[in-house]
Structures are given as C-alpha cells and as structure tokens.
4 protein chains.
Amino acid sequence: MGTKEDLIEAAAELFATRGFEGSTTLEIARTAGVTEPMIYYHFKGKHDLFTYILTEAFEEFFALLKAVDVDASTEFKKIEKLFEAYYEFVARRPRETSLILGCCPPKLKDAQETCRQNFDRLSSWLEKFLTRCLKKGIRGGEFKKVPVPQTVNLIVLIIQTLARQRALDGETIPGMKEAAVGFCKRSLVKSF
Amino acid sequence: MGTKEDLIEAAAELFATRGFEGSTTLEIARTAGVTEPMIYYHFKGKHDLFTYILTEAFEEFFALLKAVDVDASTEFKKIEKLFEAYYEFVARRPRETSLILGCCPPKLKDAQETCRQNFDRLSSWLEKFLTRCLKKGIRGGEFKKVPVPQTVNLIVLIIQTLARQRALDGETIPGMKEAAVGFCKRSLVKSF
Amino acid sequence: MGTKEDLIEAAAELFATRGFEGSTTLEIARTAGVTEPMIYYHFKGKHDLFTYILTEAFEEFFALLKAVDVDASTEFKKIEKLFEAYYEFVARRPRETSLILGCCPPKLKDAQETCRQNFDRLSSWLEKFLTRCLKKGIRGGEFKKVPVPQTVNLIVLIIQTLARQRALDGETIPGMKEAAVGFCKRSLVKSF
Amino acid sequence: MGTKEDLIEAAAELFATRGFEGSTTLEIARTAGVTEPMIYYHFKGKHDLFTYILTEAFEEFFALLKAVDVDASTEFKKIEKLFEAYYEFVARRPRETSLILGCCPPKLKDAQETCRQNFDRLSSWLEKFLTRCLKKGIRGGEFKKVPVPQTVNLIVLIIQTLARQRALDGETIPGMKEAAVGFCKRSLVKSF
DNA sequence: CATGAATGAGCGTTCATTCAT
DNA sequence: AATGAATGAACGCTCATTCAT
C-alpha cells in the first residue's frame, strides 16, 4: 500500500484514540512505518492531515445520510432509517465516527475551522430532516403532540451519543439500537 | 483568597475551556496571579491539580446524587429527581460539569487513573439506581415492559448528554429538561 | 555576569560573524554557556534577540552622532567629526558595526521591520546633516560648487564602507581615515 | 532552453534577491520548472550551483576589466574607464553584480572557497591597476601627491559600493557616476 | 510562601540530499 | 534526462518541572 494511505491509516487511528494534541507527528510516522518528513511531503502539516481525514469521513457520512432522506411508509420509518445510517457508518468507519462524534478537539470550536463547517452542515441537516418528520407525523396523526424543536434535539442527542458509544467501546450492551428505536417509538407514535 | 484556591479557580476555568493538554502551567499560574512553582508547592504537578479539581467536583456531585436516592410517590418521580440533580449541578458548577461530562481527556481512558474510578463509580451508581427504579416500576405496573439494561443506558445517556450540552453551550433551546422528562415519561409510564 | 548579558554577548558575536540565518539558537546558547530555552526566557525568540541587539547598538550610535551636530569653525570640520564619530563607534562596538553596516540580512529589506526604521532614520539624518554642511559651505565660499545630493551620497558611502571595512577586517591599511578625510578635503575645499 | 540554463537562471535570480541561505533547492527547482534532483544531476549540490554562477560571472567581469587596462591619453582616463566597466557590468548582469559585490554570504569568508579566490584575484588586480595609475600620474605631474595604497583602497571602495548600490536599488540618484568621477578628479588631478 | 532562573525532553517543521525507477 | 518518494540532520520553539534563594 502507498505511504500516503499508511499515514492516513496511522493518523486516523491515533487521532481517534489519543486526540489531535495527544498524537505526535513522530508517532504517526512511526506507526505508518515511515519517517516524519513524509507527513510534510504528502500533507501541508499535522493540521492538514487531520483536516483531510475528517473531510473524507464527512463526505462518506453525508453520502450515507443522503440515502435516508427518501419516502417511507411512515414518518417513524424515516427516523428508524436514520438510526440505521449511523450504525452503518459506525460499523464501516469506527475510528472516523470517534473523530466526528467523539471528543472533538477544542480547536474545532473556532468558527474559522474547515471542519467546523462540516459539523454545522451535519447539525442543520439533521435538524431540518427531523423537524420535517415530526411536523408531518404530528399533522398526519401518526405522532403524539410533542414539542418539536426540543424533541428533535433529543433524538439527535440519542442517535449521536449511541453511535459514539458504539464507536468508542463497541457493543457493550447488546440490542441497544432496537431498544433506542423502541424507546423513541413508544414516546412518539400514537397507536403503540 | 488563598493562592491554592486561586490556582484551582484558574485551572478549572482553563481545563474546562481549553482541555487538559491545551492548558499550560504557565497560563494557569498567570491566570491565578502567581508564579509557576506555586503549582508544585500546592500540588504534585499539573496532573495532580487536574485530579484534585475533578475529585472535588465528583464529591460535590455524589453528595447531590445521594439526595436523589430517597423514597418518592412513584418510580418516575425518582427519575425526574435525577434529572433535577444533574441540572442543579450544572447550574452550580458549570465548569466542573464540562470536565466531568465533557470531552474527557484521552488520558482518562487509562484504568489506573484516579479519576477513572470516579467515573466508574458514577456509572455503576446510576446503573444500580435506575435498574432498581425500572424493575420496581415494571413490577408495580407503573412502567411498560421495557428491556431494563438498555433502557437504563438510554436514560443515563440522555441525562448526561443533556447536562453536558447545557454546561458547554448554555440553554440554547428552552424547556429541554421538561421535554426530556416528558419524552421519557411517554416512553415509560403506562397510564400516560 | 548575568545570563541575559551572556546571551547578548554570544549572539552579537555570532550574528556579526555568521549572519542571522547562519547562527542557530543552539550555538548562541552554547556559546553563552546556557541551554537553548534560556533564549526564550529572556527574549521572545531568535528574532527578538537580534532586534534587541541592533536597537541597543543604534541607540548608542545615535548618541554618538548627536555630538557631531554642533558648531564648528568650518563646514569641513563637521564632516571630519562625522568620520571620527564612525571610527569611535567601530572602536567601541566592532561587532555591532558589522551588524549595522555589514551584510544586512535580507530580512531587513522588509519595510515593517523595527530595525529598518533605524536604518532609515540613520540614512535621513546623514543626508540632512551633510546636505546642510555642503550647502552652507558652498554658499559661504568654503566649498567648490559640487552637485549636492550626489556628493552627499558619495561621502556617506565612503564613511560607511570604510567603517564597515575596519569593523570586519581591522585596520589593514594604516592611515585610512586620514587619507579618506584628505581625499574628501581636496575634492571639496577650495583653498586647498 | 536547456534545463541546466533554466536552473542557473532561476538560481541567479533567487540567490541575488534572497541570498544563499535564504534560497532553497526546492524553490530553485520550481522556479526553473524542473524537479529538485535535476540540481544534483547538473551540479554537485546547492553550493556547487552557487559557485558555478559566481565563477561564470567573474569570468565575464574579468573579460570586461581586461579592456580597461590599455593605453589612454591620461592616467585619470584609465580610472574613468574602470568606472565605466563596472557600470557596464551592472547594466548587463545586475543579478550577478549583486552576488559579486552585494552582501556576500558569510560562508565566502572561508579561505578554501573557490569563490574567495576570484574575490582575491579581483582585489589584487584592481590594486595593481590603480597603484600603477596613481604612481604614474603622480610621477608624471598629472596627479597631486596622494598616499598611494590608501587612495587606491578609497577608489576601489567608491567604485564597488556605487556599483553595488546601483545593482541593488537601481539609479536612485541620477548622475551618480559623473558625480563620483568628478569627485575623484577634483581630489586627484592637479590642473582642475 | 513565593519567586527568578534554569533545564531535559520533546514538538512540528524544513532542508539538502539520495535512491529506485 | 528526469522524477516521485524518501530520509538524516537540524532548527526554532514550548512545556512541565526543578532548584537556589
């Protein structure tokens, strides 16, 4: 495999487990089996390498999410699909999930970050998607009359933390996804 | 105020906003208005200072939780009280909440950490408390028949992430606590 | 002697002989008999150390020049005094002369440099001083009718290059100052 | 044009503007539109490339100087011719003039440098040439009785610094050459 | 209690150079 | 003739920690 791929591989692993500041360029290079300057041959620097990995991960994740936003027999089915998309991504890219949902480095708080844009894009996509679901479901009599923005936030929170848990620790309690879907269903769907 | 308190104050603020690795001993000392070696006079080092702050915070938090574990008219009331205890702690110690629930420094993953013990103690306390609640509630007919360990994990997850959100960003969406309690109530309580 | 002074001493020596880019912080520290981080304890960095030395040198030099700008029996006496001021400075601070007049690092070309301001200040002072001398001398019949701005530039050039030569190589040809003064006198003064 | 010429062109430009240490092999290669290893195909290394450029420049310069050393009606005419040779070279090869007369890299101080030999050869040629001029002129009554070696050094100094000034900054003050020639003439020639 | 001064170890980064192709 | 990939060595700088006072 190419050196660049090795570097990405090594960096993803280390960033996910030790964080950005906690991983050194020397460690990354050594883990990749090359010397430090190779990082600077393939990337502009440590930060660029980090951004590259995150951007790639976000792209793949957004592609997965796109498949969620389609018609379904009920509104709750759509929410269920969202759970599945997250679980799918965790399964395929556990390390990247840690990076996206996990302990985001304090740096990402700065608005000028490229990565920050992806975070915001994800948040607003989720918000719009779930808001539409809930409103339609309530109007159509499928859902109970729940406060929309707060419930949206709750569902996002549950999905993301669940995915993060799974990415970091693995499936410690089996059947979490089904339980979470059930938990939400009981809380939302009328005839249940 | 004493120097030690100034140091704790400054360190708590910096650790909460910049993270452990992102805060330097020089910054901490300067913010506290003293010189660096004072850190080593009062504590064994940067790490010890961090541990001290976290341990103190945990103690206060555990004291708050103890008040939750008393009799209540219904099992769900107990869960509601747990929500309130978390919100109370966030209100009183927002910085410490960030430290306890927020992006925990990767170092804390090491099992030998003193802090890790507190995390585990909190987890197991919550698990035991909620497990008892749920089982009693189900047996007594108050709750629907939900899968206990998974639901326990879900409630913990919701409470903690909610508290963390509030500590980090403030009450961005008003009425989140009530919405969360309602969300859980609908999902759990039979006659609702 | 204090560490800061040792660092200044070592840095002045190295900067003068090897240039800014050619001197490393490690060399400077070792020559001063301390470790590298001491540079960063006493100065903001390598660049700041350089600026400090140059600024100090310029101050001393300007003080010397101030003594030149006084009344004298003839205009040429003033020019002679300027030669002497330069030679005095070379004798007292040979290394600093090398820095001020010698191979200025390419960086100093940037207008935003603090040092650049000193260079410009020196240039304009010399220009004004000599322009006044020459004009007065010509008007008063002491000097021949020479083209003023060009002759000013020539005298500056001679003085500075001579001083630089002396700072870098020492007095290789004896009696250079007297010869230079004579050279200019023959060229400028009428009754000679 | 061949790759080697492109490299020389690019390197001359960069060395002249940024200095030897300030120019990197990557920059040189990129400016030349080739890759770094080409430098090592055509030259022994960065240093060799520098030496090559300087040596070439010196050769051309020496050729120009040879034309100066011929008979002329007066000794001062010869000196005037020397001024013209320098100005001719500046006009034809401004970048190389910067390299030869400009802030010579500190490395060139080492005696073992190939370039150093050229510098010395130039110096001694100038010294011999001007010494002969002055002695003849004094003996023949054309020149005033000036101290020879010092005056030689002064004339060299004036010519070289003037040429350097022109190469680095352009003709900032017009008529400098004429003024310089006039300055020397008044100082040297008796019937003037 | 408190500090100014000092340091070992390490970090991200750059650079001239080399090598396999 | 030319290049992509790779590296050893060094550089400017930071940081947690220590020590003499």
Side-chain angles (χ1 to χ4, degrees), chain A residues 2-4 6-7 20-30 32-50, chain B residues 2-4 6-7 20-30 32-50, chain C residues 2-4 6-7 20-30 32-50, chain D residues 2-4 6-7 20-30 32-50:
Chain A
T3 304
K4 191 174 180 180
D6 289 344
L7 278 171
F20 180 80
E21 323 251 47
S23 319
T24 75
T25 49
L26 185 60
E27 265 180 337
I28 294 169
R30 278 222 232 275
V34 291
T35 52
E36 257 185 305
M38 283 317 294
I39 293 173
Y40 300 87
Y41 181 76
H42 289 293
F43 304 93
K44 260 184 272 175
K46 189 190 178 188
H47 203 87
D48 184 45
L49 172 54
F50 182 75
Chain B
T3 304
K4 191 174 180 180
D6 288 342
L7 277 171
F20 179 80
E21 323 252 43
S23 317
T24 74
T25 49
L26 186 60
E27 265 180 334
I28 294 168
R30 278 221 235 273
V34 293
T35 53
E36 265 184 298
M38 285 316 293
I39 294 174
Y40 297 86
Y41 181 78
H42 289 292
F43 305 94
K44 259 183 274 174
K46 188 191 178 188
H47 205 85
D48 183 45
L49 172 54
F50 183 75
Chain C
T3 304
K4 192 174 179 179
D6 289 344
L7 278 171
F20 179 80
E21 323 252 45
S23 318
T24 75
T25 49
L26 186 60
E27 265 180 336
I28 294 169
R30 279 221 233 274
V34 290
T35 53
E36 253 186 308
M38 283 317 294
I39 294 173
Y40 300 88
Y41 182 76
H42 289 292
F43 304 93
K44 262 185 270 176
K46 188 191 178 187
H47 203 88
D48 183 45
L49 173 54
F50 182 75
Chain D
T3 304
K4 192 173 180 180
D6 289 342
L7 277 171
F20 180 79
E21 322 252 44
S23 317
T24 74
T25 49
L26 186 60
E27 265 181 336
I28 294 168
R30 277 220 235 274
V34 294
T35 53
E36 265 184 298
M38 285 316 295
I39 294 173
Y40 298 86
Y41 181 79
H42 289 292
F43 305 93
K44 259 184 274 175
K46 188 191 178 187
H47 205 85
D48 183 45
L49 172 54
F50 182 76

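In what follows, chains are A, B, ... by sequence order, proteins preceding strands, each numbered from 1. All values below come from the heavy atoms of this structure, side chains included, with hydrogens, waters and symmetry mates left out.
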Should Ile39(A) and Ile28(A) be marked as a side chain to side chain contact (heavy atoms under 4.5 Å, CB included) after you check the CA-CA gap, both sets of side-chain angles, and the distance that decides it?
CA-CA 9 Å; Ile39(A) 293 173; Ile28(A) 294 169; 4.2 Å; yes
Do you know which of Lys46(C), Glu36(C), Arg30(C) makes side-chain hydrogen bond (donor to acceptor under 3.5 Å, both in side chains) with Thr25(C)?
Glu36(C)
Closest-nucleotide 5' rank along DNA chain F - winner of Met38(A) and His42(D)
His42(D)
Of the non-hydrogen atoms in Leu7(C) and Ala29(C), which two are nearest, and what is the gap between them?
CD2-CA, 4.3 Å
Using whole Å, what does the distance between atom C1' of nucleotide dA10(F) and atom CD1 of Ile28(C) come to?
15 Å
How many Å lie between OH on Tyr41(A) and P on dT3(F), as a whole number?
12 Å
Nearest 0.5 Å, please: how far is CZ in Phe43(B) from NZ in Lys4(B)?
5.0 Å
In this structure, CE of Met38(A) is separated from OG1 of Thr3(A) (nearest 0.5 Å) by 5.0 Å
Tell me, what's DNA chain F's dot-bracket, Watson-Crick or G-U with both distances under 3.5 Å, | for other-strand, [ ] crossing?
.||||||||||||||||||||
Please state whether the phosphate of dA2(F), meaning OP1 or OP2, lies under 4.0 angstrom from any side-chain nitrogen or oxygen of Thr3(D).
yes
For nucleotides 10-17 of chain E, just jot down a letter per nucleotide in 5' to 3' order: B, S or -, based on protein non-hydrogen atoms under 4.0 Å.
-SBBBBBB
Measure from CZ on Arg30(C) to C1' on dA10(F) and round the result to the nearest Å.
12 Å
Which heavy atom in Lys44(C) sits nearest to a heavy atom in Asp48(C), and how many Å separate them?
N-OD2, 2.9 Å
Take the protein atom CZ of Phe43(B) and the nucleotide atom P of dA2(E), then report the distance between them rounded to whole Å.
13 Å
